[in-house]
Amino acid sequence: MPGSTRLEPRLLAVAQEVTGPVHADIGADHARLPRYLLEKGQVKRVIVVEKHPGPYANAQRALAGLPAEVRLGDGLSALRPGEVHSLSLSGMGARLILRILQGHPTRLPPRLVLQPNDSAEPLRRWALQAGFALVREQMVEGFWRYNVLTLEKGHCTAYEGLPLELALAFGPLLLRQKHPLLRAELAAQLERLRRLPRVERVQREQARVEAALAWLEASTP
Ligand SMILES: C[S@@+](CC[C@H](N)C(=O)[O-])C[C@H]1O[C@@H](n2cnc3c(N)ncnc32)[C@H](O)[C@@H]1O
C-alpha cells in the first residue's frame with residue numbers, strides 16, 4: 001500500500017504512540033492520522049467515530065478501500081467494550097476530550113493518546129484519578145505548542161518526587177526531561193501574563209509559572 005499521507009508534527013507525534021493492532025480515532029475529520037497508520041502498516045484496522053455528518057463524509061472518503069470502519073456517533077458511545085486496543089483524540093479542546101473520556105469509562109481501551117489544543121492539565125488530573133499512568137509526554141511546535149500525552153491503564157509513577165500541583169499543571173515528564181520547548185512555553189506564558197490586569201486569577205497563574213521556571217532552574221546542574 002503506497003504511503004502518500006503526510007502528517008504535520010503534532011499528528012506525527014500522536015501517530016508514533018499508536019500501537020493498535022486495532023485502533024480507534026475519535027473525531028477524525030479528514031482522517032489523515034488513521035490513513036497514515038494504515039498506509040504504514042502500523043495498525044491492522046481502524047475504527048473512526050465522527051459526530052458530525054460533514055467530517056463523517058470526509059473520513060469515509062479518506063479511508064475508502066482501507067481496512068477501516070467509519071461510524072457516525074458521539075465519542076465512545078459508538079464503540080463496544082474491548083473492541084479496540086488503543087484510542088486517539090486529537091485537535092480538540094481538553095474539556096471536550098475529557099467529556100468524551102468520561103462519557104463511557106468501561107469502553108476505554110488500555111492505551112490512550114491525547115493531543116489537546118489547549119492546556120493538558122485537566123487530562124493529567126483525570127488520568128491520575130481514573131487509574132491511567134502517564135508513560136510519555138511530548139511537546140511539539142506547530143501553530144501553537146502542543147502537548148501529546150500517552151496513557152496506559154495502571155499505576156502512575158510519573159509524579160513521584162515532584163511538586164504535584166506544578167507537575168499536574170505543566171507535565172511531570174516534561175519537567176523531568178527539562179524539555180526545551182517547556183522552558184520556551186513557560187517564558188511565553190509569563191510574558192503574556194505580565195501584560196494582563198493584575199486580577200487574582202492572573203497573579204495565581206503567574207505564581208505557578210514562575211514556580212515552574214524556578215524548579216527548572218534549581219534542578220539544572
Ligand atoms: C478539529 S477536528 C480534529 C480532527 C483531527 N483529529 C485532527 O487532529 O486534526 C475535531 C473533530 O472532532 C469531531 N467531534 C467533536 N465532538 C465529537 C464527539 N463527541 N464524538 C466524535 N467526534 C467528535 C468534530 O466533528 C471534528 O471533526
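First listed ligand is number 1; within each ligand, the first listed atom is number 1. Only a predicted model underlies this, so the values are computations on that prediction, with no experimental measurement involved.
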In terms of residue, atom name and distance, what is the protein heavy atom nearest to atom 19 (N) of ligand 1? Asp74 OD1, 2.7 Å
When you measure from the heavy atoms of Gly73 to every atom of ligand 1, does any distance fall below 4.0 Å? yes
Where on Met92 is there a heavy atom closer than 4.0 Å to ligand 1, on the side chain, on the backbone, on both, or on neither? side chain
Give the minimum heavy-atom separation between Thr5 and Arg32, together with the two atoms involved. CG2-O, 3.6 Å
Where is the nearest protein heavy atom to atom 16 (N) of ligand 1: which residue, which atom, and how far? Leu96 CD2, 3.8 Å
Between Leu11 and ligand 1, which part of the residue brings a heavy atom under 4.0 Å of the ligand: side chain, backbone, both or neither? side chain
Can you name the closest pair of heavy atoms from His23 and Ser86 and give their distance? ND1-OG, 2.7 Å
Against heavy atoms of His52, which atoms of ligand 1 measure under 4.0 Å? 24 (C), 25 (O)
Would you sort out whether Glu83 and Arg71 count as a salt bridge (Lys or Arg N to Asp or Glu O under 4.0 Å), showing the intermediate values? CA-CA 14 Å; Glu83 194 177 21; Arg71 299 178 184 170; 2.7 Å; yes
Numbering the atoms of ligand 1 from 1, which are under 4.0 Å from a heavy atom of Gly91? 1 (C), 3 (C), 8 (O)
Closest contact, heavy atoms only, Pro116 versus Asn147: CD-O, 3.4 Å
Under 3.5 Å: N/O of Gly75 near N/O of ligand 1: yes
Which atom names give the shortest non-hydrogen contact between Leu11 and Ser90, and what distance separates them? CD2-OG, 3.6 Å
Salt bridge flag under 4.0 Å for residues Arg183 and Glu217: yes
Does the ring of Phe143 carry Arg10 above it, NZ/CZ under 6.0 angstrom from centre and within 45° of its axis? no
Closer than 4.0 Å to some heavy atom of Val49 - which atoms of ligand 1 meet that? 21 (C), 22 (N)
Glu17 with Arg111: basic N within carboxylate O range, under 4.0 Å: yes
Closest non-hydrogen atoms of Arg176 and Glu160, given as atom of the first, atom of the second and distance, are NH2-O, 2.7 Å
Heavy-atom contacts with Ile100 under 4.0 Å: which atoms of ligand 1 show up? List them by number with element. 18 (C), 19 (N)
Would you mind checking which non-hydrogen protein atom is closest to atom 22 (N) of ligand 1, with the distance to 0.1 Å? Lys51 N, 3.3 Å
Lys/Arg-Asp/Glu bridge criterion (N-O < 4.0 Å) met for Arg208, Glu205: yes
Considering Ser77, Gly27, Ala78 one by one, which has a heavy atom nearer to atom 5 (C) of ligand 1 than any of the others? Gly27
List every atom of ligand 1 that sits less than 4.0 Å from any heavy atom of Ser90, numbering the atoms from 1 in the order shown and giving each element. 3 (C), 5 (C), 6 (N), 7 (C), 8 (O)
For Pro55, counting its heavy atoms only, list the atoms of ligand 1 lying under 4.0 Å from any of them. 25 (O), 27 (O)
Judged on heavy-atom distance to atom 9 (O) of ligand 1, which of Arg10, Glu50, Gln115, Glu8 sits nearest? Arg10
